[in-house]
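All of these numbers come straight from a predicted model, not from anything done at the bench.
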Amino acid sequence: MKMHLVAVILLVICLGVEIQGKDKPRQARKPQRTWSKWLRCTVSCGKGWQSRLCLKDRSSCNGRMAQRRMCNVHPCPVPEDGSWSAWQPYADCERSSTDYKCMGIQESIRLCNSPAPQPGGKYCTGCETRVKPCSLC
């Protein structure tokens, strides 16, 4: 698709010169560039490629119609995985759903925020809640 766009631009430039006609005096023309601007790199990090096209005949471009070069050769950031925070203190003893009137449970939690997982990183593995029995009597 980009090649078609360049071809259309070149066609418009060529037709634009002929449409002006020979009866009008020509204005001084800017020197034409030999190469197009470099196209966007194929990646934002890692090893990518970009290319540009010859805007004149091949002899003006060392016999080539296109050039290609590496770009964005800096390494991509490594996604950071999440890590658990410290366990929070156990909460007050609460009645459990057992038949034992004096038996309860205490709960403690931890969060996956030390650090939180970054885009592409993994969520913490393991439990975020722990419980232990406690006495209500």
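With S85 contributing its side chain and L111 its backbone, the two residues share a donor-acceptor pair below 3.5 Å. No donor-acceptor pair under 3.5 Å is formed between the side chain of S83 and the backbone N or O of P115. Judged by distance alone, with hydrogens and angles left aside, the side-chain atoms of R110 form a donor-acceptor pair with the main-chain N or O of C127 at under 3.5 Å. D57 places a side-chain N or O within 3.5 Å of a backbone atom of S59 that can act as its donor or acceptor partner.
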* **Derivation of the side-chain contact (heavy atoms from CB on, under 4.5 Å) call for M103 and L136** => CA-CA 6 Å; M103 186 172 192; L136 292 168; over 6 Å; no

* Verdict with reasoning, W35 to C61, per side-chain contact (heavy atoms from CB on, under 4.5 Å) -> CA-CA 8 Å; W35 293 96; C61 299; 3.4 Å; yes

* Y90 and Q88: CA distance, side-chain angles, deciding distance, side-chain contact (heavy atoms from CB on, under 4.5 Å) verdict -> CA-CA 6 Å; Y90 279 99; Q88 294 182 5; over 6 Å; no

* **Intermediate values then yes/no, side-chain contact (heavy atoms from CB on, under 4.5 Å), I109 and E128** => CA-CA 5 Å; I109 63 167; E128 60 184 20; 5.8 Å; no

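Between W84 and C124, the shortest heavy-atom distance links the atoms CE2-CB, 3.3 Å. Looking at every heavy atom in both residues, L53 comes nearest to A66 through CD2-CB, 4.0 Å. For the pair G104 and C93, the tightest heavy-atom approach, listed with the atom from each and the gap, is CA-SG, 3.9 Å. Annotation for K122 and P117: closest pair O-CB, 3.3 Å, computed over non-hydrogen atoms. Annotation for H74 and S44: closest pair NE2-O, 3.5 Å, computed over non-hydrogen atoms. The shortest non-hydrogen separation linking G121 to P79 is N-CB, 3.5 Å.
Looking at Q106 and E94, their side chains never come closer than 4.5 Å, going by heavy atoms from C-beta outward.
Side-chain contact, Q50 with R68: no donor N or O sits under 3.5 Å from an acceptor N or O.
Separating the CD atom in E107 from the OG1 atom in T129 is a distance of 5.0 Å, to the nearest 0.5 Å. Here the SG-CZ distance, from C134 to R95, works out to 11.0 Å after rounding to the nearest 0.5 Å.
Both tests hold for R130 against W87: distance to the six-membered ring centre under 6.0 Å, angle to the ring axis within 45°.
Atom CG of D92 has 12 or fewer heavy atoms from other residues, nucleotides or ligands within 6.0 Å. Within 6.0 Å of atom CD in Q118, more than 12 heavy atoms from other residues, nucleotides or ligands are found, so the atom counts as buried in its surroundings.
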